[in-house]
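Encoded as structure tokens, the structure appears first; notes follow it.
All values derive from a computational prediction rather than experimental measurement.
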Amino acid sequence: MSLPYGKSHEMIGSSLAVALPPDWRYMKARFCFILLMSFPSFAEVSMQGSLRTRLEVWDWFEGNANSDYAFSGNLLRVSIAAQRPAFDWQIELAAPFFLGLPNDAVAPGNQGQLGLGATYFVANKRRRNASMVFPKQGFLRLKNLFGDNRQSLRLGRFEFSDGAEVAPADATLAAVKRDRISQRLIGPFGWSHVGRSFDGAHYIHASQTTNFTLLAALPTRGAFQADGWGNLKIGLLYAALTRQVAGTRHNGEWRAFGMYSHDWRNVPKVDDRPASIRNTDRANIRIGTFGGHYLHSAKTAAGLFDVTLWGALQAGRWGRLDHAGNSYAVEAGWQPTSVPKLQPWLRAGYSRSSGDGDPNDSEHATFFQALPTPRPYARFPFFNMMNNEDAFVELVLRPSKAISIRSDVHSLRLTEAADLWYLGGGAFQPWTFGFQGRTSAGTRGLATLYDISADYAVHKNLALSAYFGHAVGHSVARSVYPGGKDANFGYLEMTVRF
């Protein structure tokens with residue numbers, strides 16, 4: 001027999017009160033009293049938001065569908081939050097909306113989706129216009145755990161980026177960490193028009209020089225799908241120890257991390273095995289990733305130099321296969337003092353991630369990027385860090401505090417010719433894998449990418465950005481898209497904060 005809503009809850013509460021020992025009932029009552037008395041008044045609640053609108057123009061490698069189109073992607077975010085000595089909380093709603101997605105940009109066979117406009121279209125039930133409102137964040141952060149102000153625990157839905165646990169005081173290291181370290185394996189995919197959050201727990205123990213972070217969470221839907229309500233059957237455990245090393249003319253930071261990811265969604269995997277074998281392997285993916293990074297900056301008479309080292313090893317199970325992968329990156333930069341009006345920053349680097357050399361053996365060797373934000377490392381997002389070698393040079397000019405101009409040249413090729421050309425940033429739906437793969441026809445040369453961007457902070461509440469990238473396709477791209485070897489991508493973006 002069912003009870004009325006109020007009566008059933010009264011009985012459950014009474015039964016629980018009887019079952020609890022006196023000490024537990026006292027603690028429960030005390031906690032509720034503190035929570036009620038500590039809840040801030042409306043005057044203490046802060047509200048803020050942002051609207052980002054971006055016009056994207058795509059000219060993908062020419063395929064057997066429409067590769068030349070434009071669409072509008074937009075994201076409205078509104079949040080309320082409050083901070084108290086013992087805790088703080090935040091509730092944020094997101095409302096992504098797409099206008100004019102291409103309905104003819106998906107080619108048959110190996111050519112697949114011709115740019116991200118096609119990805120958004122397919123992910124949103126093949127609608128040209130799509131929108132949704134969902135909870136982007138909703139968490140309670142408990143501070144001063146056990147009377148120790150170095151400890152905090154965040155519970156609920158939140159955003160998280162691996163490698164961004166600490167923002168170094170050194171401006172150079174902070175910029176390198178933001179652009180070249182964070183979100184390689186776990187990220188909120190903030191450049192997409194929906195993004196990704198995590199449901200779970202996030203613990204921090206932070207002193208002046210050392211930070212220990214622990215995460216246990218499930219990723220949410222989103223990224224390309226406007227509906228970001230639910231989460232995915234993917235478990236993440238992540239732990240990292242980060243330490244700052246400060247000096248008079250030298251500053252550094254090191255981090256050691258470990259991550260375990262478990263995907264039990266029962267969807268076909270994307271790898272280099274024949275489709276007839278791959279599609280029957282619905283066993284879980286369970287992978288441990290262990291690695292670290294080291295950053296260093298040094299002031300000299302010739303300018304400021306920086307060095308970046310990052311690496312990771314993987315082991316586990318890829319469905320029915322054993323898994324073993326690796327990836328590393330080595331980079332260096334120089335900021336000469338001889339051109340103070342432009343404040344140039346010249347950087348160069350090389351990264352390599354393992355690929356699978358034999359699709360018929362019992363081991364999967366492609367480095368698995370898990371749940372990253374790929375865009376910081378692939379500004380024209382036709383590649384990611386799986387089965388990829390990337391040698392680049394980069395020039396940043398900063399003529400004022402409000403303006404930054406950046407130009408890159410990337411030489412890209414596959415690590416293993418027998419493996420796939422991979423794209424994507426990880427799971428975002430229960431029924432699709434999240435990464436795409438194109439067969440390479442046994443070649444390695446992917447493309448040379450030339451790009452330029454400009455960012456202008458008009459004032460604290462308005463920012464403008466522009467980007468253009470031109471990719472000259474090499475043997476891999478030409479084998480997939482024989483109709484056209486080049487691709488272009490550009491956008492204009494405006495962000496308003498309120």
Side-chain donor-acceptor pair present, D306, S297, cut-off under 3.5 Å = no
ask   = Is the shortest heavy-atom distance from the side chain of T213 to the side chain of T242 under 4.5 Å?
value = no
task = Indicate the ring-plane relationship of W191 and Y491, choosing parallel, tilted or perpendicular according to the 30° and 60° boundaries.
result = tilted
ask   = Taking atom types as modelled, is there a side-chain donor on R157 or T220 under 3.5 Å from an acceptor on the other?
value = no
message = Just to verify, what does K136 make a side-chain hydrogen bond (donor to acceptor under 3.5 Å, both in side chains) with, not counting sequence neighbours?
response = none
task = Supply the atom-to-atom distance S407 OG to D451 CG, rounded to the nearest 0.5 angstrom.
result = 6.0 Å
message = Can you confirm whether V472 sits close enough to Y450 that some side-chain heavy atom of one is under 4.5 Å from a side-chain heavy atom of the other?
response = yes
message = List the residues meeting side-chain hydrogen bond (donor to acceptor under 3.5 Å, both in side chains) with N266, not counting sequence neighbours, and say none if there are none.
response = none
query = For P344 and L395, which heavy atoms make the closest approach, and how far apart are they?
reply = CB-CD1, 4.3 Å
query = Backbone N or O of S353 within a donor-acceptor pair of the T415 side chain at under 3.5 Å?
reply = yes
note = Closest heavy-atom pair, L218 versus I234, reported as atoms and distance to 0.1 Å, is CD2-O, 3.0 Å
Spatial distance of atom CD (Q111) from atom CD (E62) [nearest 0.5 Å] = 9.5 Å
message = Distance alone, cut at 3.5 Å: any donor-acceptor contact between the side chains of T448 and H474?
response = yes
T53 OG1 to F97 CZ distance, which is reported to the nearest 0.5 Å = 6.5 Å
task = Report the C-alpha separation of V78 and F498 in whole Å, then their side-chain angles, then the decisive distance to 0.1 Å, and conclude whether the side-chain contact (heavy atoms from CB on, under 4.5 Å) test is met.
result = CA-CA 9 Å; V78 179; F498 52 88; 4.1 Å; yes
request  = Indicate yes or no for a side-chain donor-acceptor contact from N66 to the backbone of D68 under 3.5 Å, with no hydrogens or angles considered.
outcome  = yes
message = Between R180 and S351, is there a side-chain donor-acceptor contact under 3.5 Å, judged purely by atom types and distance?
response = no
inquiry  = I'd like to know if the side chain of S261 pairs up with that of D263 as donor and acceptor (distance under 3.5 Å, no hydrogens or angles considered).
reply    = no
task = Look at the side chain of R478 and the backbone N and O of G473, then say whether any donor-acceptor pair between them is shorter than 3.5 Å.
result = yes
message = So, taking the atom named OG in S400 and the one named CG in L397, what distance separates them when rounded to the nearest 0.5 Å?
response = 11.5 Å
request  = Identify whether the distance between the nearest side-chain nitrogen and carboxylate oxygen of D162 and R255 falls below 4.0 Å.
outcome  = yes
query = So Y69 and W58, would you call those rings parallel, tilted or perpendicular, with 30° and 60° as cut-offs?
reply = parallel
message = Applying side-chain hydrogen bond (donor to acceptor under 3.5 Å, both in side chains), can you list everything that pairs with T495, at least two apart in sequence or on another chain?
response = none
message = Working note: D419 + M386, criterion side-chain contact (heavy atoms from CB on, under 4.5 Å); need CA distance, chi angles, decisive distance, verdict.
response = CA-CA 10 Å; D419 203 354; M386 297 166 59; over 6 Å; no
task = Considering non-hydrogen atoms only, spot the tightest contact between N129 and G100 and give its length.
result = OD1-N, 2.9 Å
task = State whether a side-chain donor-acceptor pair under 3.5 Å links Y350 with E389.
result = yes
task = Compare all side-chain heavy atoms of P381 with those of L116 and state whether any distance is below 4.5 angstrom.
result = yes
request  = Measure the CG-CG distance between L55 and L99 for me, rounded to the nearest 0.5 Å.
outcome  = 10.5 Å
query = R54 and Y467: side-chain hydrogen bond (donor to acceptor under 3.5 Å, both in side chains), yes or no, with the steps?
reply = CA-CA 11 Å; R54 184 191 306 148; Y467 172 84; over 6 Å; no
task = For residues F380 and F489, establish whether the separation of their ring centroids is below 6.0 Å.
result = yes
inquiry  = With a 3.5 Å distance limit and no angle check, can you tell me whether Q429 reaches the backbone of A123 through a side-chain donor-acceptor pair?
reply    = yes
inquiry  = Can you classify the ring geometry of Y120 versus H193 as parallel (below 30°), tilted (30 to 60°) or perpendicular (above 60°)?
reply    = tilted
remark   = In terms of heavy-atom contacts, Q183 and P188 come closest through OE1-CD, 3.3 Å
query = Passes side-chain contact (heavy atoms from CB on, under 4.5 Å), E493 versus R52? Steps please.
reply = CA-CA 7 Å; E493 179 181 287; R52 187 186 71 193; 3.7 Å; yes
key: V166 vs K177 side-chain heavy atoms within contact, under 4.5 Å   = yes
inquiry  = Using modelled atom types and a 3.5 Å cut-off, is there a donor and acceptor pairing between side-chain atoms of R444 and backbone atoms of L414?
reply    = yes
ask   = Should the pair F368 and F433 be assigned to parallel (<30°), tilted (30 to 60°) or perpendicular (>60°) ring geometry?
value = tilted
query = Given R127 and L101, is the side-chain contact (heavy atoms from CB on, under 4.5 Å) satisfied, shown in steps?
reply = CA-CA 7 Å; R127 293 177 295 178; L101 294 173; over 6 Å; no
key: Shortest non-hydrogen contact from N124 toward A226   = OD1-N, 2.8 Å
inquiry  = Could you tell me if D281 and W318 have a donor-acceptor pair between their side chains, going purely by distance under 3.5 Å?
reply    = no
message = Is any side-chain heavy atom of M385 closer than 4.5 Å to one of P374?
response = no
key: Side-chain donor-acceptor pair present, Q335, T172, cut-off under 3.5 Å   = yes
request  = Calculate, to the nearest 0.5 Å, the distance between atoms CD1 and CD belonging to I80 and Q90 respectively.
outcome  = 9.5 Å
query = Can the ring centres of F121 and F98 be said to be less than 6.0 Å apart?
reply = no
task = Taking atom CZ of R282 as the centre, report whether more than 12 heavy atoms of other residues, nucleotides or ligands fall under 6.0 Å from it.
result = yes
query = How far apart are the closest heavy atoms of W310 and A312, and which atoms are they?
reply = CH2-CB, 3.9 Å
